[in-house]
Amino acid sequence: MDYRLRKRDRIRSRKEIILLLKSGKRIENKEFKIILREREENSRIGVSVKKNIVNSVKRNRIRRVLKEIFRKNREKLKKDYDLFIIVKKDISSKTYHEIESAFFALLAKGKALKEC
RNA sequence: AGGGGUAGAGGAGAGAUCGCUUCCGCAUGAUGCGGAGGAGGAAAGUCCGAACUCCACAGGGCAGGGUGCCUCGUAACGCGGGGUUCCGGUAGUUCUUUCUACCGGAAAGGAAAGUGCCACAGAAAACAAACCGUCCCGCUCUUACUUCUUUGAAGUAAGGGUGGGAUAAGGGUGAAAAGGUGAGGUAAGAGCUCACCGCUCCGGUAGUAAUACCGGAGGCACGGUAAACCCCACCCGGAGCAAGGCUAAACAGGGAUGUUAAGGGUUGCCCGCCCGAUAUCCCGGGUAAGCCGCUUGAGGUUAUGGGUAACCAUAACCCGAGAUUAAUGAUCUCUCAAGACAGAAUUCGGCUUAUACUCUACCCCUUUGC
RNA sequence: GUGAGUGUAGCUCAAUGGCAGAGCAUCGGACUGUGGAUCCGAAUGUUGGGGGUUCAAGUCCCCUCACUCACC
């Protein structure tokens, strides 16, 4: 399995994001809002952290951790998706593993994961 | 030894695995492989100053904004260095005033160009006058005493009233009361006169200067506030890398002006200047994908020299991020003092603010010892 | 990137440089069998924070924090 996360694996234009926001399926809890839509092949990710988390170092860490989680666990997705994650709460003080389990719990709620 | 302040230096390290991104090389034809590099002292706030680019010129006046002890540094600054004066603290000195040293701070030009303001209290708040009071003189009333033979009159003293004059010493206030203290002087007083201090003016000396010191003269005039208006001196064209340029794609055009003067530009106004036909302006429509700008620069490090210093000069060596949904990360292990504030977006010079912990220098406080 | 504004009692807002107020809300009392309404009374402030100018600062000046808005 390829664990890399190259440019083609990321959602890279404003136009695409607006389209996704209009047409995608939404799942959310207190921390995240995930918008996803099925794709033919090659899952892609985009992360947006709200500015109410004032400190930019914290925003950067949250975004990087989420990208890392996606990179390592892409094969667990049921199908290929465009996946846009909006972070609503400051979760920068949590560890990688706490964020990971919270993220998977939400994805499972949206039935986007393979059956284990 | 502990605490505080100011200034400065640093601000976790090592290993393994999996990634991201820029450049170079090779393979190749869109990705692989290898190599090298990859956030800060504040990258922050956007409070100042510049570079750079465009607006076809930037020139004058008014308006507006900014700065304001002196001097040096700088590309420039509202920044920095050094000095002056004033203020605060500490220590010493002195009966006290004062003087000296060290540390810290200051938007520190002009109040004898003009205007405004100075609540409450107070007699009065800026023109020094009125009032109370003090003193002298006149008139008058009351009381007491004395003198004259009595009625009564005169005189003296004290007190009250009133008129004229002298005065600014005193008047409970206030942030501030018209030089201060002491002596003389006077009817009472007063820079009225004198001594010391302060102040103003003039001259000299030292210094580039701010200013300091010395000498002389003047009886003293000039309350505070310009971070109130204002005056004076100096500075400022406007916009900002979403500047601006190129390529590609897409769309729908319409209107106005028009040959020497309408119009337009010069982003507050006037003059002036400029543009003026495949032109200019206005309205409407379309696209927003890529490339350049984009990192070698008022650049760093070291040495030598100059300078009290900020800084400057010369030489050698070095190249140390360049993204665009936006790289510099994640996990695990080990070490210790257990890791703060915090993330580049055109680029520099400052200022300001945040900052666990460690260290250095100076100053202050507390305690203990010599 | 550029520019403008706001911050005062729990809330909404006032206040020429001169004793920080109003309305609503809160609390206590009266009225009522009880509650509401009404009447009487009371409490409430580091004027976002720090420093400066001034005799005196919410007001003037500087720095700073938070928030809001506008334009490209």
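Lettering of chains follows the sequences in order, A, B, ..., and the numbering in each one begins at 1. It should be emphasised that the depicted structure is a prediction, and the values quoted were computed from it without experimental measurement.
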Checklist entry - With both distances under 3.5 Å as the test, what is the Watson-Crick or G-U wobble partner of rC199(B)? => result rG218(B)

Checklist entry - Is there a Watson-Crick or G-U wobble partner for rA178(B) with both distances under 3.5 Å, and if so, which one is it? => result none

Next on the checklist: Any salt bridge linking R44(A) with E16(A)? Criterion: basic side-chain nitrogen under 4.0 Å from a carboxylate oxygen.
Outcome noted: yes

Checklist entry - Is any side-chain N of the basic residue among K89(A) and E31(A) closer than 4.0 Å to the acidic one's carboxylate O? => result no

Item to check | Length of the CZ-C1' vector between R8(A) and rA30(B), whole Å | outcome: 9 Å

Checklist entry - Between rG32(B) and R6(A), is there an OP1 or OP2 to side-chain N/O distance shorter than 4.0 Å? => result yes

Checklist entry - Considering Watson-Crick and G-U wobble pairs with both distances under 3.5 Å, what does rA212(B) pair with? => result rU205(B)

Checklist entry - Tracing side-chain links under 4.5 Å among I, L, V, M, F, W and Y, which residues wind up in one group with V57(A)? => result none

Item to check | Side-chain N,O (H97(A)) to OP1/OP2 (rA330(B)) below 4.0 Å | outcome: no

Next on the checklist: If I take atom CD1 in residue I69(A) and atom P in nucleotide rU331(B), what distance separates them, rounded to the nearest angstrom?
Outcome noted: 9 Å

Next on the checklist: Quick check on rA326(B): is either OP1 or OP2 less than 4.0 Å from any side-chain nitrogen or oxygen of R10(A)?
Outcome noted: yes

Next on the checklist: Using whole Å, what does the distance between atom C1' of nucleotide rC18(B) and atom CG of D9(A) come to?
Outcome noted: 15 Å

Checklist entry - Should the pair K88(A)-E28(A) be classified as a salt bridge under the 4.0 Å nitrogen-to-oxygen rule? => result yes

Item to check | Distance test, side-chain N/O of K7(A) to OP1/OP2 of rA30(B), below 4.0 Å | outcome: no

Checklist entry - Is there a donor and acceptor pair, one atom on the side chain of R4(A) and one on the base of rC18(B), closer than 3.5 Å? => result no

Next on the checklist: Of the options rU21(B), rG343(B), rA330(B), whose atoms approach the side-chain atoms of R64(A) most closely?
Outcome noted: rG343(B)

Checklist outcome for this item: Closest of rU325(B), rA330(B), rA326(B) to the Y96(A) side chain is rA330(B)

Checklist entry - rU331(B) C1' sits how many Å from R61(A) CZ, rounded? => result 11 Å

Checklist entry - Is there a side chain to side chain contact (heavy atoms under 4.5 Å, CB included) between K76(A) and F104(A) once you walk through the steps? => result CA-CA 10 Å; K76(A) 290 183 183 167; F104(A) 280 137; 4.3 Å; yes

Item to check | Any strand: nucleotide that pairs with rA42(C) via Watson-Crick or wobble, under 3.5 Å | outcome: rU26(C)

Next on the checklist: Return the pairing partner of rA187(B) with a 3.5 Å limit on both distances, Watson-Crick or G-U wobble; otherwise return none.
Outcome noted: none

Checklist outcome for this item: For rU32(C), the nucleotide meeting Watson-Crick or G-U wobble distances (both under 3.5 Å) is none

Checklist entry - Does rG343(B) have OP1 or OP2 sitting under 4.0 Å from an N or O in the side chain of N60(A)? => result no

Item to check | Protein-nucleotide distance (R12(A), atom CZ; rA326(B), atom C1'), rounded to Å | outcome: 9 Å

Checklist entry - Which one is paired to rU17(B), where only Watson-Crick or G-U wobble pairs with both distances under 3.5 angstrom count? => result rA330(B)

Checklist entry - What is the nucleic acid contact for K58(A), judged by heavy atoms within less than 4.0 Å: base, sugar-phosphate only, or nothing? => result nothing

Next on the checklist: List the residues meeting side chain to side chain contact (heavy atoms under 4.5 Å, CB included) with N42(A), not counting sequence neighbours, and say none if there are none.
Outcome noted: R8(A), D9(A), R39(A), R74(A)

Next on the checklist: Rounded to whole Å, how long is the line connecting atom NZ of K94(A) with atom C1' of rA330(B)?
Outcome noted: 18 Å

Item to check | Counter-base of rG8(B), judged by Watson-Crick or G-U geometry with both distances under 3.5 Å | outcome: rC359(B)

